[in-house]
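We count residues from 1, following the sequence as given.
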Amino acid sequence: MDLSSSIRDLDWFLFDLDGVLWQGHHVIDGAPETIKRLREHGKKVLFVTNNATRSRTMNAEHLKSMGFDASPDEVVCSAYVTAEHLRMRNHEGAVYLIGERGCADELELAGIRVRGLEDGEHTHMKQADVAMRSLADDVRAVVVGLDTHINYFKLSQAVGYLLRDPSCELIATNPDTTFPASGGRL
């Protein structure tokens with residue numbers, strides 16, 4: 001493959017994942033081969049995504065399962081960026097996470113305590129349950145990403161932390177209002 005003059009002098013290439021390298025469970029035709037050819041020409045590749053449900057390791061494993069050569073060090077995901085943001089600001093205390101295991105993994109790798117994953121089990125809730133809920137003393141931020149186990153209890157916990165402490169930060173892992181899926185956008 002001869003590289004066109006428009007990319008010959010470029011050293012780095014960044015590729016989004018969802019909707020660019022794959023759509024749902026289907027790889028975009030020619031995408032793995034393109035990455036491979038760029039690498040053969042000495043080009044560096046980074047995979048970027050604002051999907052916070054997977055950690056860098058999980059994303060690299062998923063890339064490999066879809067036919068791409070990838071390592072966690074080549075992945076930049078919004079879960080990692082969120083964790084780095086908190087780590088670089090010397091965040092003290094835990095975070096309450098409305099999100100998935102991948103986001104929790106990145107936060108924990110950055111040395112941040114995570115609360116909230118266990119709250120996905122509260123599928124039926126009565127008004128008395130909200131009044132009886134307890135808030136952990138160490139939560140100093142609420143991190144929100146895509147959460148496929150979202151429920152009223154998690155939302156009430158997050159709001160409780162934010163109302164209890166005006167300095168408690170609310171951090172969104174990305175501003176997306178839609179999610180690309182094989183059947184169209186959600």
Under a 4.5 Å side-chain heavy-atom rule over Ile, Leu, Val, Met, Phe, Trp and Tyr, are V114 and Y80 clustered together? no

Would I35 end up clustered with V27 when hydrophobic side chains under 4.5 Å apart are linked, directly or stepwise? yes

Is it true that a side-chain atom of Q157 and a backbone atom of S134 form a donor plus acceptor pair closer than 3.5 Å? yes

Validation row: N50, D176 side chains within 4.5 angstrom (heavy atoms): yes

Should we count CD of E40 as having more than 12 external heavy atoms under 6.0 Å? yes

Donor-acceptor pair, K43 side chain versus R8 backbone, under 3.5 Å? yes

Should V48 and I28 be counted in the same cluster of Ile, Leu, Val, Met, Phe, Trp and Tyr side chains packed under 4.5 Å apart? no

Show the nearest heavy-atom pair for residues P72 and A60, with the distance to one decimal. N-CB, 3.6 Å

Which atom of A83 lies closest to which atom of I112, heavy atoms considered: O-CD1, 3.9 Å

Which is it for K154 and D147 under the side chain to side chain contact (heavy atoms under 4.5 Å, CB included) test, yes or no, and what are the steps along the way? CA-CA 10 Å; K154 280 183 156 183; D147 188 332; 2.5 Å; yes

Kindly determine whether L86 and V143 satisfy side chain to side chain contact (heavy atoms under 4.5 Å, CB included), including the steps that lead there. CA-CA 10 Å; L86 288 165; V143 173; 4.2 Å; yes

Could you check if a side-chain atom of V76 sits within less than 4.5 angstrom of a side-chain atom of L14, using non-hydrogen atoms only? no

By the definition side chain to side chain donor-acceptor pair (under 3.5 Å), identify the one residue from H85, E84, H91 that meets it with R87. E84

pair L17-N51: side-chain heavy atoms closer than 4.5 Å: no

Within-4.5 Å side-chain heavy-atom neighbours: E169 and R89: yes

R113 side chain vs D138 backbone, donor-acceptor pair below 3.5 Å: no

Once you measure the plane-to-plane angle for F47 and F15, does it fall in the parallel (<30°), tilted (30-60°) or perpendicular (>60°) bin? tilted

Kindly indicate whether the side chain of E108, heavy atoms from C-beta on, has any atom under 4.5 Å from the side chain of D105. yes

Identify the two heavy atoms, one from N59 and one from C77, that lie closest to each other, and give their separation to 0.1 Å. ND2-CB, 3.8 Å

Within this structure, what is the CG-CD distance for the pair D18 and Q23, rounded to the nearest 0.5 Å? 8.5 Å

So which atom in E106 and which in R56 form the shortest heavy-atom distance, rounded to 0.1 Å? OE2-N, 2.7 Å

Within a strict 4.5 Å, meaning less than it, do heavy atoms of the D11 and K44 side chains meet? no

Applying a strict under-4.5 Å side-chain criterion to I, L, V, M, F, W and Y, I'd like to know whether L162 and V144 cluster together. yes

Contact summary for S167 and D165, nearest pair of heavy atoms: OG-OD1, 2.7 Å

With a 4.5 Å cut-off on side-chain heavy atoms, are R39 and V45 touching? yes

Inter-residue atom distance L135.CG - S156.OG, 0.5 Å rounding: 8.5 Å

Can you confirm whether L97 sits close enough to L117 that some side-chain heavy atom of one is under 4.5 Å from a side-chain heavy atom of the other? yes

Donor-acceptor pair, Y161 side chain versus V95 backbone, under 3.5 Å? no

How close do A79 and A52 get, heavy atom to heavy atom, and via which atoms? CB-O, 3.8 Å

Membership question, hydrophobic clusters at under 4.5 Å side-chain separation (ILVMFWY): are L155 and L170 in the same one? yes

Determine, stepwise, if the pair D16 / T49 fulfils side chain to side chain contact (heavy atoms under 4.5 Å, CB included). CA-CA 5 Å; D16 189 15; T49 180; 4.2 Å; yes

Within the side chain of E100, is there an N or O that forms a donor-acceptor pair under 3.5 Å with the backbone of R54? no

For the residue pair W22 and H62, does the interplanar ring angle fall in the parallel (under 30°), tilted (30 to 60°) or perpendicular (over 60°) class? perpendicular

